[in-house]
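Here the structure is laid out as structure tokens; the discussion comes afterwards.
If you're wondering where the values come from, they're calculated on a predicted model, not measured in any experiment. Protein chains get the first letters and strands the later ones, always in sequence-line order, with residue 1 at the start of each.
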Amino acid sequence: AQSVTQLGSHVSVSEGALVLLRCNYSSSVPPYLFWYVQYPNQGLQLLLKYTTGATLVKGINGFEAEFKKSETSFHLTKPSAHMSDAAEYFCAVTTLSGYALNFGKGTSLLVTP
Amino acid sequence: AAGVIQSPRHLIKEKRETATLKCYPIPRHDTVYWYQQGPGQDPQFLISFYEKMQSDKGSIPDRFSAQQFSDYHSELNMSSLELGDSALYFCASSPGVAGTDTQYFGPGTRLTVL
């Protein structure tokens with residue numbers, strides 16, 4: 001089975017600082033990897049995804065992630081945090097059958113002034 | 001752009017009652033997924049449909065059933081509700097069933113079982 005592990009359930013950064021949210025995957029076959037963001041009392045919004053091709057993936061709101069097969073990682077980064085980035089972030093991988101998403105436990109990002 | 005519509009947005013039920021949640025996918029999306037997110041938890045996959053047929057099944061209790069209709073909307077039927085069923089239920093739609101297809105999530109239905 002495919003799964004993802006998000007390191008750090010809570011991450012706090014200062015406004016303007018680098019955002020780094022960690023995600024490692026486990027898969028016996030090439031995975032499809034996703035990052036979703038969830039604002040309070042809202043649905044999940046796709047930030048970016050990796051399927052094949054270029055390993056550095058750019059998403060919305062200035063986020064990007066790099067697929068590193070050697071490290072089985074797909075960490076999410078943003079050069080400069082904004083107060084509006086405060087939210088819950090989920091890394092996800094698709095399964096072998098049916099392509100339902102397997103989510104990590106989520107990382108809550110806090111941005112302080 | 002049109003998004004996934006879920007109704008109702010909030011639902012309060014008593015134990016042992018039934019509930020029906022509805023999902024209207026983005027136009028021309030033929031695949032629907034249902035997820036359950038407990039308080040402070042990550043979303044858990046319940047069930048999915050492609051072209052009106054069940055395509056995959058996750059951790060859906062036997063008390064729950066779902067179907068996709070000819071207009072591609074989907075309904076999740078929940079019976080004999082338990083306190084532990086209190087959660088946010090998301091529907092997601094995608095333009096296909098491939099792993100590369102993005103799943104677009106609705107705003108969710110918050111179910112509270114008293």
Side-chain angles (χ1 to χ4, degrees), chain A residues 1-10 21 23 25 27-54 57-60 65 67 74 87-108, chain B residues 1 3-7 9-10 21 23-26 29-51 53-60 66 87-110 112:
Chain A
Q2 295 167 297
S3 64
V4 291
T5 301
Q6 292 183 240
L7 300 176
S9 58
H10 294 82
L21 304 182
C23 174
Y25 68 89
S27 176
S28 58
V29 297
Y32 300 141
L33 295 160
F34 305 78
W35 275 100
Y36 280 85
V37 61
Q38 185 178 30
Y39 297 100
N41 300 312
Q42 293 188 29
L44 293 95
Q45 181 183 12
L46 180 71
L47 282 175
L48 49 80
K49 68 179 182 181
Y50 169 79
T51 54
T52 58
V57 181
K58 295 186 183 297
I60 62 171
F67 172 70
F74 191 58
E88 189 81 15
Y89 290 80
F90 291 98
C91 182
V93 63
T94 50
T95 57
L96 289 171
S97 63
Y99 303 111
L101 291 163
N102 272 348
F103 288 90
K105 295 299 182 186
T107 297
S108 179
Chain B
V4 176
I5 297 172
Q6 291 187 246
S7 68
R9 293 293 309 278
H10 301 273
L21 310 185
C23 169
Y24 298 87
I26 293 171
H29 282 195
D30 53 15
T31 305
V32 167
Y33 299 83
W34 285 97
Y35 294 86
Q36 177 192 59
Q37 185 179 31
Q41 302 296 314
D42 56 296
Q44 294 291 316
F45 169 65
L46 293 177
I47 195 167
S48 62
F49 294 88
Y50 168 65
E51 282 292 344
M53 298 289 289
Q54 181 181 308
S55 56
D56 197 10
K57 193 172 182 179
S59 52
I60 184 169
L88 199 52
Y89 290 83
F90 288 110
C91 170
S93 75
S94 70
V97 76
T100 54
D101 291 319
T102 296
Q103 295 182 30
Y104 296 86
F105 283 76
T109 294
R110 184 170 297 279
T112 302

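Taking CG of A/Leu101 as the reference point, atom CD of B/Gln44 lies at 11.5 Å (rounded to 0.5 Å). A distance of 9.5 Å separates CG in A/Asn102 from CZ in B/Phe45, rounded to the nearest 0.5 Å. Taken from CD in B/Gln37 to CZ in A/Phe103, the straight-line distance is 8.5 Å, to the nearest 0.5 Å.
Shown are A/Phe90, A/Tyr36, A/Tyr39; of these, the ring-ring contact (aromatic ring centres under 6.0 Å, His included) with B/Phe105 is made only by A/Tyr36.
The greatest number of non-hydrogen atom pairs below 4.5 Å with chain A, out of B/Gly108, B/Pro107, B/Ser94, is found for B/Pro107. Across B/Ala92, B/Pro43, B/Gly40, B/Gly58, the residue that shares the most heavy-atom pairs under 4.5 angstrom with chain A is B/Pro43.
For chain B, the nearby parts of A/Leu44 are the backbone and the side chain; heavy atoms of each come within less than 4.5 Å. Only the side chain of B/Tyr35 comes within contact range of chain A, with at least one heavy atom under 4.5 Å from a heavy atom of that chain. Using a 4.5 Å cut-off between heavy atoms, B/Leu88 touches chain A through its side chain atoms alone. Heavy atoms of B/Gln6 lying under 4.5 Å from chain A are absent altogether.
Between A/Asn41 and B/Arg9, the closest heavy-atom pair is O-NH2, 4.3 Å. Nearest heavy atom pair, residue A/Gln38 against residue B/Phe90, reads NE2-CZ, 3.3 Å. When every heavy atom of A/Tyr99 is checked against every heavy atom of B/Asp56, the shortest pair comes out as N-OD2, 4.5 Å.
Looking at residues two or more places apart in sequence or on another chain, you find a salt bridge (charged side-chain N to carboxylate O under 4.0 Å, His left out) between B/Asp42 and A/Lys105. Residues satisfying the salt bridge (charged side-chain N to carboxylate O under 4.0 Å, His left out) test with A/Lys58, not counting sequence neighbours, are A/Glu64.
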